[in-house]
Number of protein chains: 4
Amino acid sequence: MTRAEPQGGGRVGGKEARILQAAVSVFAENGYHGSSMAQVAAEAGVATGTIYLYFGRKQDLLITLFQRNLGEYIERCRPALNAEAVGVPRLRRMVSMHLEFFTEDRALASVFQIHAREPDPVLRAGIQPTVAAYFDLISEVVQSGVDNGAFAHDLDPRLARDMFFGALDEVVTRWVRAQHPFPLMSVRAPLAAMLARGFGAQLSGDPS
Amino acid sequence: MTRAEPQGGGRVGGKEARILQAAVSVFAENGYHGSSMAQVAAEAGVATGTIYLYFGRKQDLLITLFQRNLGEYIERCRPALNAEAVGVPRLRRMVSMHLEFFTEDRALASVFQIHAREPDPVLRAGIQPTVAAYFDLISEVVQSGVDNGAFAHDLDPRLARDMFFGALDEVVTRWVRAQHPFPLMSVRAPLAAMLARGFGAQLSGDPS
Amino acid sequence: MTRAEPQGGGRVGGKEARILQAAVSVFAENGYHGSSMAQVAAEAGVATGTIYLYFGRKQDLLITLFQRNLGEYIERCRPALNAEAVGVPRLRRMVSMHLEFFTEDRALASVFQIHAREPDPVLRAGIQPTVAAYFDLISEVVQSGVDNGAFAHDLDPRLARDMFFGALDEVVTRWVRAQHPFPLMSVRAPLAAMLARGFGAQLSGDPS
Amino acid sequence: MTRAEPQGGGRVGGKEARILQAAVSVFAENGYHGSSMAQVAAEAGVATGTIYLYFGRKQDLLITLFQRNLGEYIERCRPALNAEAVGVPRLRRMVSMHLEFFTEDRALASVFQIHAREPDPVLRAGIQPTVAAYFDLISEVVQSGVDNGAFAHDLDPRLARDMFFGALDEVVTRWVRAQHPFPLMSVRAPLAAMLARGFGAQLSGDPS
DNA sequence: TATGAATGAGCGTTCATTCAT
DNA sequence: CATGAATGAACGCTCATTCAT
């Protein structure tokens, strides 16, 4: 989706990265539709035209944000999840990672929470595949738990996946909007417990 | 939030209602930001300026949609919920009503699912109170279940509320986007079951 | 090529016509590529956006100028030419009309002379058909003269047509550019004579 | 009109020439206004900035093309014309050379035919003198024919010159635009004959 | 000489909103 | 109440030109 890709690692310290970071700030503050390329450029400390050396269209800023950051996160998830026992432990881990991911960068979290459902066709086409990959990952965690007997054998995996994502998504959205944000990680254990129970897991008294 | 409010109920068949209905169609098709007042006017069969006799700003179209439709739905919910036994039955009923509400009008559902998180301050200020009222309603259902002992005594009501809404929200969003939408009501029982279990309810074998 | 077509005949006295006239002025002065929509709007005494109520794109201004003015001229030509005897009289008449047409409006002439060959695909596609129709008209005049024996029997009609148009075109271009323009009509008789002779006509001593 | 003038004839194979050749290609394809310096640089296989080592402004590319190529052609014309007998032979020769010149390089022909009338003041000022020199050359050929009695004694030399140029110009323009270009030289004899007759020459049956 | 990233003025176009009728 | 032509600020994007390397 990016057009030209100048060195990037040069003296100024990664102009492309600075632009993306500026986009996160500006979009988080005003929303994608409430932000102008001029604002992003100003925040990044570059000229308007410079953005177009790295991103072909305004839309590519948002798309790249999803592809890069969410994509990397998904990559990080796979091995970490596989390191956990199937069932509740793996589910707990996924809850943890999700919350940690968004805790790391609240502005980025804001952008993701607000813009994941953008209806603009170009935006959708650019964002959806990455989001879909994350859904697939959740599906795998659920399915493995069902196969393994950790979760109810008659669990609907797609529905469980949607409940899992929806619950986390709503919690993160609330956190992102809060004036005085609570520590997002504090919901980790109770939320994981609710989900696990909902999936039919028999919970012993061992929180992680 | 609307500026002028002509009679509205006149002979001509409710011009205001026609405009709102047109807004639903157009916003569902192109998204709020991808839609113009001219498109809405054309769809409604009125002149552009006419919209401004009923709604002061473009934003008021979306705001009114939330206030009116979601507001009415909330009103309908209260007595229906109170007619159900506290705990799982009431929870089941809430799931049913939520799904029924969106099933009724898929275009409206699309608008709600996509635009509930709009970051524009005016939009937020107009929409949030209504959404917040719905969250309060959910909270009440959860809290009464906890108080009553139907749900786990240590359930975090805010978290449970978010899981409840998030799960339903995600399911409806998926339904709204599906090319060949499945019957949304089909998820009623399993979703209610997952939520109930997640809340710590002891489920006997009685689906409704 | 025009988008909307508001009344046009209203109180202000034909806004579309005023815009086109402004376009002629501005394009004649700065050339199409050297002119901005803002300049045209200013010259027409309207807002920039108003132009787009009448013309969908900047290109449509130039295209419409050709289609309307040159098109009307061609319509005027047909009956006038048919009223003349085939051969030299008809040829003379065509020379006269061509020169008269451009004499009428020097700014318009300037626009036509300078922009008839625009390579932009949209411009070409819009302009070419009208210009082609004029070439066909010339072809008819030449061909009828050949058939009738007034011109050389072995005259190449396409080549003759090109010489005819090219000669007139060059003369008009020179006139359009001249600081102190000579009376364009003064070349009528000698140019017609040269062309007629070139086409193999036997000229008696009767200028018209 | 060029600003800096590096050696040009160096080892690398004439970078300046390569740039000019690239300009011809690109301008022929997209027109001057539809072409960017970046496109020309890419076609020439140099960096954008390199063009500015040889040409001060975009306009100088087009100007230099006219000055150099048309200028050289005019120089070649003079002796060749003087080698021909005054009157029809010299006129024939001029037609031949004109057609040969454009036949040699169709892309260059395209650029010349389309852009000779550019209204931009800088472009005009740079191009006009060279074109004017060519007109003078034509004038000389016509005038010598008149003085010599080969052409009509009352021939208007300026008008004849314009007809001569206009006719050739139109034919070349048509050839340049044709999808399947006819052999341009094929019009040599008939076009020269038409012009000669138009100028009042008595043609014997000797085509050259 | 040569590079090509960077600049930023400028342009075409859109569209929410107004207002004379 | 209704119209829809008119407005003009605002925006995304381009590209000739510069300059640090």
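Letters A, B, ... mirror the listed sequences (proteins, then strands); counts begin at 1.
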Original post:
Donor-acceptor pair, H115(C) side chain versus Y32(C) backbone, under 3.5 Å?
Top reply: yes
Give the rounded distance in Å between these two atoms: [atom1] of [X] and [atom2] of [N].
X: L53(C); N: dA6(F); atom1: CG; atom2: C1'; result: 6 Å
X: Q59(B); N: dC15(E); atom1: CD; atom2: C1'; result: 14 Å
X: Y52(C); N: dG8(F); atom1: OH; atom2: P; result: 16 Å
X: L61(B); N: dT17(E); atom1: CG; atom2: C1'; result: 13 Å
X: R18(A); N: dA5(E); atom1: CZ; atom2: P; result: 16 Å
X: F55(D); N: dA2(E); atom1: CZ; atom2: P; result: 12 Å
X: H33(A); N: dA10(F); atom1: NE2; atom2: P; result: 19 Å
X: I51(C); N: dA5(F); atom1: CD1; atom2: P; result: 16 Å

Write out a two-atom table: protein N or O, nucleotide N or O from nucleotides 8-11 of chain E, distance below 3.5 Å.
| residue | atom | partner | partner atom | Å |
| --- | --- | --- | --- | --- |
| dG8(E) | N7 | G49(A) | N | 3.3 |

Original post:
Within a radius of less than 6.0 Å around CD of E29(D), do more than 12 heavy atoms belonging to other residues, nucleotides or ligands occur?
Top reply: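 Result for CD/E29(D): open.
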Give the table of side-chain donor-acceptor pairs shorter than 3.5 Å for residues 123-130 of chain A, with sequence neighbours excluded, one pair per line with atom names and distance.
| residue | atom | partner | partner atom | Å |
| --- | --- | --- | --- | --- |
| R124(A) | NH1 | E118(A) | O | 3.1 |

Subject >> Neighbours of DNA chain F within residues 21-30 of chain D, by heavy-atom distance under 4.0 Å >> reply: none
**OP:** Return the set of residues passing side-chain hydrogen bond (donor to acceptor under 3.5 Å, both in side chains) with R117(A) (not counting sequence neighbours), or none when no residue passes.
**Re:** D169(B), T173(B)
Subject >> Stems involving DNA chain F, each a run of at least 3 consecutive Watson-Crick or G-U pairs under 3.5 Å >> reply: E:2-21 with F:2-21
**OP:** Compare every heavy atom of I63(C) with every heavy atom of V122(C), then report the nearest pair and how far apart it is.
**Re:** O-CD1, 3.6 Å
Subject >> Minimum heavy-atom distance between V24(A) and V111(A), given as atom pair plus value >> reply: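 That closest heavy-atom pairing would be O-CG2, 3.6 Å.
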Any side-chain heavy-atom pair from [X] and [Y] closer than 4.5 angstrom?
X: L61(D); Y: M37(D); value: yes
X: D60(B); Y: Y54(B); value: no
X: V176(D); Y: F112(D); value: no
X: R18(D); Y: Q21(D); value: no

Original post:
Which residue lies toward the 5' end of DNA chain E, Y32(C) or G45(A), if each is placed at its nearest nucleotide?
Top reply: G45(A)
**OP:** Output yes when at least one side-chain N/O atom of Y54(D) is less than 4.0 Å from OP1 or OP2 of dA2(E), else no.
**Re:** yes
**OP:** Would you tell me if any nitrogen or oxygen in the side chain of K15(A) comes within less than 4.0 Å of OP1 or OP2 on dA5(E)?
**Re:** no
**OP:** Kindly write out the residues that satisfy ring-ring contact (aromatic ring centres under 6.0 Å, His included) with H33(C), not counting sequence neighbours, or none if the list is empty.
**Re:** H33(D)
